[in-house]
Engineer: 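Have a look at this one.
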Number of protein chains: 2
Amino acid sequence: MSGLTAHGFFRAIVQTRGNLALQAYGEFCGMKGKATSFDIAYLAGVSQSTVSRALRDSPAVNQETKDKIFAIAKQLNYKVDKNASNLRKQCSGTLALLLFEDPTVDDSQINPFFLSMLGSITRACTKRGHDLLISFQQLSNDWHADYEDSKKADGIILLGYGDYIDYEEKLQQLLAQQTHFVCWGAQVEGHPEFTIRSNNREGGRQAATHLLELGYRSFAFIGIASDHAPEFFERYQGYLEVLAEHGIRPQDVPQFDAISTEQAGYSATQQLFAAGHRPRAIFTASDLIAIGVIRAVQAAGLRVPEDVAVVGFDDIPMASFCTPPLTTIQQNTTLAGEMLVVNLLKLIAQESISQTEIEPKMIVRRSCGSTQVTSTS
Amino acid sequence: MSGLTAHGFFRAIVQTRGNLALQAYGEFCGMKGKATSFDIAYLAGVSQSTVSRALRDSPAVNQETKDKIFAIAKQLNYKVDKNASNLRKQCSGTLALLLFEDPTVDDSQINPFFLSMLGSITRACTKRGHDLLISFQQLSNDWHADYEDSKKADGIILLGYGDYIDYEEKLQQLLAQQTHFVCWGAQVEGHPEFTIRSNNREGGRQAATHLLELGYRSFAFIGIASDHAPEFFERYQGYLEVLAEHGIRPQDVPQFDAISTEQAGYSATQQLFAAGHRPRAIFTASDLIAIGVIRAVQAAGLRVPEDVAVVGFDDIPMASFCTPPLTTIQQNTTLAGEMLVVNLLKLIAQESISQTEIEPKMIVRRSCGSTQVTSTS
DNA sequence: CTGAAAGCGCTTACAG
DNA sequence: CTGAAAGCGCTTACAG
């Protein structure tokens with residue numbers, strides 16, 4: 001098929017000149033268009049079907065034939081055309097990662113937590129021989145969730161969501177279209193197997209327990225605490241739970257909304273103070289918020305942790321570099337990325353999914369005044 | 001073509017029942033396999049060629065016909081099969097990003113500088129309607145540089161390199177295969193148009209100038225200073241240049257190798273001290289190194305900046321969070337990512353490339369003792 | 001173990 | 001403005 005004219009010309013040469021001409025043929029292919037399986041077939045003196053089988057290492061091909069074909073393929077620098085192969089096989093060996101970001105003023109900075117997730121997802125994909133397509137979504141009308149529809153990807157990983165209420169709608173759409181997808185954090189109604197998430201409630205409990213152990217008795221929470229941000233909400237609830245167990249009533253724990261940015265944490269803290277609250281300890285829904293809180297506390301002339309203790313959530317790289325270093329609840333992004341990929345692959349292969357939850361881990365640093373700091377090498 | 005049997009059955013229904021049946025047909029397609037352009041053609045009563053033209057908004061199609069086709073396509077949730085379309089068009093609308101990392105002990109953490117590049121590259125791609133494939137390279141034998149050969153991508157962006165000497169070989173390979181690529185930082189022999197880079201020499205000059213202005217007179221450099229890491233080497237040279245202009249001889253500026261990790265910076269600093277040097281100011285090849293240097297200085301019982309001033313390079317997010325906040329030379333990652341994508345696209349389109357260099361910018365914080373801190377909102 | 005043939009779903013000359 | 005046809009480069013029954 002390929003090169004019925006020009007390639008045919010070279011084939012004639014090959015026939016008369018032998019090995020040397022193979023090189024000429026190869027160089028020719030290097031110059032104008034890539035070699036195809038037909039070219040290899042011609043040079044090896046076999047059919048194109050046999051080449052295709054040999055290259056995929058089918059057991060139905062003679063070893064000698066295989067060797068010859070591999071040698072020629074290598075010499076021509078032949079690579080299977082993925083578009084043709086995918087078209088025929090009706091799958092792509094590719095996963096798509098859709099990253100939704102909270103809208104920020106300066107949108108050059110991505111949430112560092114998602115960044116490390118991105119890192120581990122990429123690794124997990126590579127490890128399993130899959131490619132990864134990445135796209136940032138503006139959460140506007142145009143969801144590029146058509147990656148699977150357009151056959152560019154076999155499935156989709158969803159990371160981050162602006163307002164969860166808006167997000168849920170989109171999720172339902174994916175469900176209706178029978179798209180293969182997994183998402184981080186947000187539960188899909190009726191489909192727990194589509195989600196990988198931290199045990200956020202437990203994380204909130206750990207934060208509260210740590211603060212209580214250090215003797216604090218007045219608390220606050222900074223971060224959205226509603227269905228608009230279910231993960232934050234769960235952290236908040238776990239926190240309140242433990243506080244309640246120790247006689248501190250929810251109505252005595254002021255809460256101010258903040259999306260996951262430093263700026264939002266800063267503003268919310270100003271509001272907290274403006275409302276007359278002076279909590280001794282603040283649990284925040286994320287490290288980015290915590291960093292903003294710390295700045296606001298310091299800007300108000302108070303010290304962390306001497307006047308106000310602060311606990312974050314995530315354990316982003318920055319957490320250990322703030323002043324003071326931030327005590328936080330770590331989410332294991334390596335494991336999370338791994339599970340996201342593994343579970344999606346299982347979903348695509350119609351296998352059943354076992355694990356979907358990740359245990360949070362308390363990382364003690366200086367921001368709460370504890371003297372027993374978690375050692376991290 | 002598609003569904004000669006089952007689809008044909010529905011076609012019959014459509015003919016007798018009209019509009020309502022279109023929905024049935026749509027649902028049918030939703031259940032088993034996606035709709036194709038043939039399905040739309042059938043439903044619209046036109047040829048498949050016309051559907052294909054209409055969907056790409058060809059001016060050669062009647063507006064009425066277009067409207068009808070668009071409506072049906074939407075109803076069937078039709079999406080062009082990219083594999084088929086790419087196979088036919090022989091291009092992919094996709095760029096591949098190959099990330100090479102310095103080998104680190106804990107390889108879960110990616111260099112934050114590359115992470116922000118990744119962010120801006122992704123954005124730049126999205127902005128131009130291209131998809132982005134991402135892969136981490138182990139810089140072992142298997143270069144996945146066959147992205148273009150296998151038609152998965154139209155071109156490749158190279159970010160990071162271990163040892164530049166090893167790397168250069170690979171570059172030559174890409175060159176020989178006529179792969180379209182651009183790379184960050186590393187110059188390609190004879191092809192300046194393939195590289196986007198900071199003016200590293202100028203960055204080194206700025207660091208030296210700043211330190212001299214603050215009155216320091218004894219210096220050191222931490223970071224590889226050889227052809228194995230050309231970018232670092234240039235920074236070093238710019239630094240030495242300015243120092244030399246002020247009467248400080250290169251041989252009086254101790255230099256210790258470090259790859260771009262905190263750990264390497266820490267070790268190199270220990271070596272510096274062990275060799276008996278006590279420089280008043282240290283310029284480092286990267287922020288990650290600088291952070292390690294600061295830790296080592298503090299571990300030696302000295303203060304930054306009172307006893308030793310430290311300047312970094314990159315301005316990664318962490319730089320503003322260290323103690324003390326790090327004075328550094330900023331590389332504009334937003335612009336860099338943008339240029340990488342734009343230039344690669346130009347290369348693919350055979351257009352000429354104008355800009356390839358980015359100007360570094362001094363960001364003054366506390367780590368050198370300056371009282372005039374750069375304001376960053 | 002190997003080959004001839006069909007077909008994946010598009011795009012694009014070519015002809016009208 | 002529209003249609004019939006070829007073909008992009010594979011994979012995989014089917015037959016031998």
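First the proteins, then the strands, lettered A, B, ... as listed; each starts at 1. Predicted model, so just to flag it, every value in this text is computed and none were measured.
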Engineer: Pairing check on C:dA13: which nucleotide meets the Watson-Crick or G-U wobble criteria with it, both distances under 3.5 Å?
Structural biologist: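 Across any shown strand, C:dA13 pairs with none.
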Engineer: Report the distance from atom NZ of A:Lys79 to atom P of D:dC8, rounded to the nearest whole Å.
Structural biologist: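 Between P of D:dC8 and NZ of A:Lys79: 21 Å.
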Engineer: If you only use heavy atoms from C-beta on, which nucleotide in D:dC10, D:dG3, C:dG9 is closest to the side chain of A:Val80?
Structural biologist: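 Of the candidates, D:dC10 comes closest.
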Engineer: Please round to the nearest 0.5 Å and tell me the distance separating atom OG1 of A:Thr356 and atom CD1 of A:Ile196.
Structural biologist: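 These two atoms lie 6.0 Å from each other.
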Engineer: Whole angstrom is fine here: how far is it from CG in A:Leu87 over to P in D:dG9?
Structural biologist: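 Spelled out: CG on A:Leu87 to P on D:dG9 is 12 Å.
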Engineer: Would you say A:Lys82 and A:Lys89 make side-chain contact, with heavy atoms under 4.5 Å?
Structural biologist: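 No, too far: nothing below the 4.5 Å cut-off.
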Engineer: Is any side-chain N or O of B:Ser85 closer than 4.0 Å to OP1 or OP2 of C:dC10?
Structural biologist: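 Result: no.
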Engineer: Quick one: A:Lys89 NZ to D:dA13 C1', roughly how many Å, whole number?
Structural biologist: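 From A:Lys89 NZ to D:dA13 C1': 16 Å.
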Engineer: Could you tell me whether the phosphate oxygens of D:dC10, OP1 or OP2, come under 4.0 Å of any side-chain nitrogen or oxygen in A:Ser37?
Structural biologist: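 Result: yes.
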Engineer: Side chain of B:Val61, heavy atoms from C-beta onward: which of C:dG9, D:dT2, D:dT12 has the nearest atom to it?
Structural biologist: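 Of the candidates, D:dT2 comes closest.
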Engineer: Quickly work out the B:Gln90 CD to C:dA13 P distance and round it to whole Å.
Structural biologist: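 The answer, rounded to whole Å, is 13 Å.
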Engineer: Identify the heavy atoms of B:Val51 and B:Ile69 that sit nearest to each other, and give their distance.
Structural biologist: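 For B:Val51 and B:Ile69, the tightest heavy-atom pair comes out as CA-CD1, 3.9 Å.
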Engineer: Under 4.0 Å between a side-chain N/O of A:Thr50 and OP1 or OP2 of C:dC1, yes or no?
Structural biologist: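 Indeed not, no polar side-chain atom of A:Thr50 lies that close.
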Engineer: So which nucleotide from D:dC8, C:dC8, C:dT2 ends up closest to the side chain of A:Ala60?
Structural biologist: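 Closest of the options to the side chain of A:Ala60: C:dT2.
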Engineer: Is any side-chain nitrogen or oxygen of B:Ser47 closer than 4.0 Å to OP1 or OP2 of D:dT2?
Structural biologist: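 Answer no for this pair, as no side-chain N or O of B:Ser47 is under 4.0 Å from OP1 or OP2.
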Engineer: Looking at A:Ser52, does any N or O in its side chain come under 4.0 Å of the phosphate oxygens OP1/OP2 on D:dC10?
Structural biologist: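 It does not, given that no N or O in the side chain of A:Ser52 lies less than 4.0 Å from OP1 or OP2 of D:dC10.
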Engineer: How far, in whole Å, is D:dA5 from D:dC1 if one measures between their P atoms?
Structural biologist: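 One P to the other, the span is 24 Å.
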Engineer: Quick one: look up who D:dA4 pairs with, Watson-Crick or G-U, both distances under 3.5 Å, and put none if it's unpaired.
Structural biologist: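 Matched D:dA4 with nothing under the 3.5 Å cut-off.
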Engineer: Could you check which of C:dC10, C:dT12, C:dG3 has an atom nearest any side-chain atom of B:Arg53?
Structural biologist: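 Output: C:dT12.
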Engineer: Over how many whole Å does the gap from B:Gln48 atom CD to C:dC8 atom P extend?
Structural biologist: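 My rounded result for the distance is 12 Å.
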Engineer: So, B:Thr94 versus A:Lys152: side-chain donor-acceptor pair below 3.5 Å or not?
Structural biologist: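 Yes, A:Lys152 and B:Thr94 have a side-chain donor paired with an acceptor closer than 3.5 Å.
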Engineer: When you check the phosphate oxygens OP1 and OP2 of D:dC10, does a side-chain N or O of A:Arg56 lie under 4.0 Å from one of them?
Structural biologist: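 Answer no for this pair, as no side-chain N or O of A:Arg56 is under 4.0 Å from OP1 or OP2.
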Engineer: Picking from C:dA4, C:dT12, C:dT2, which would you name as closest to the side chain of B:Ser49?
Structural biologist: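 Nearest nucleotide to the side chain: C:dT12.
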Engineer: B:Lys66 has an atom NZ; how far is it from atom C1' of D:dT2, in whole Å?
Structural biologist: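 Whole-Å distance recorded here is 14 Å.
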Engineer: What is the distance from CG of A:Asn83 to P of C:dG9, rounded to the nearest Å?
Structural biologist: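 One finds 15 Å between P of C:dG9 and CG of A:Asn83, rounded.
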Engineer: Does B:Thr36 offer a backbone N or O that forms a donor-acceptor pair with the side chain of B:Asp39 under 3.5 Å?
Structural biologist: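 Yes.
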Engineer: Hey, is A:Glu193 close enough to A:Lys346 for a salt bridge, meaning N to O under 4.0 Å?
Structural biologist: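 No salt bridge links A:Glu193 with A:Lys346.
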Engineer: Measure from CG on B:Asn86 to P on D:dC8 and round the result to the nearest Å.
Structural biologist: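 Spelled out: CG on B:Asn86 to P on D:dC8 is 16 Å.
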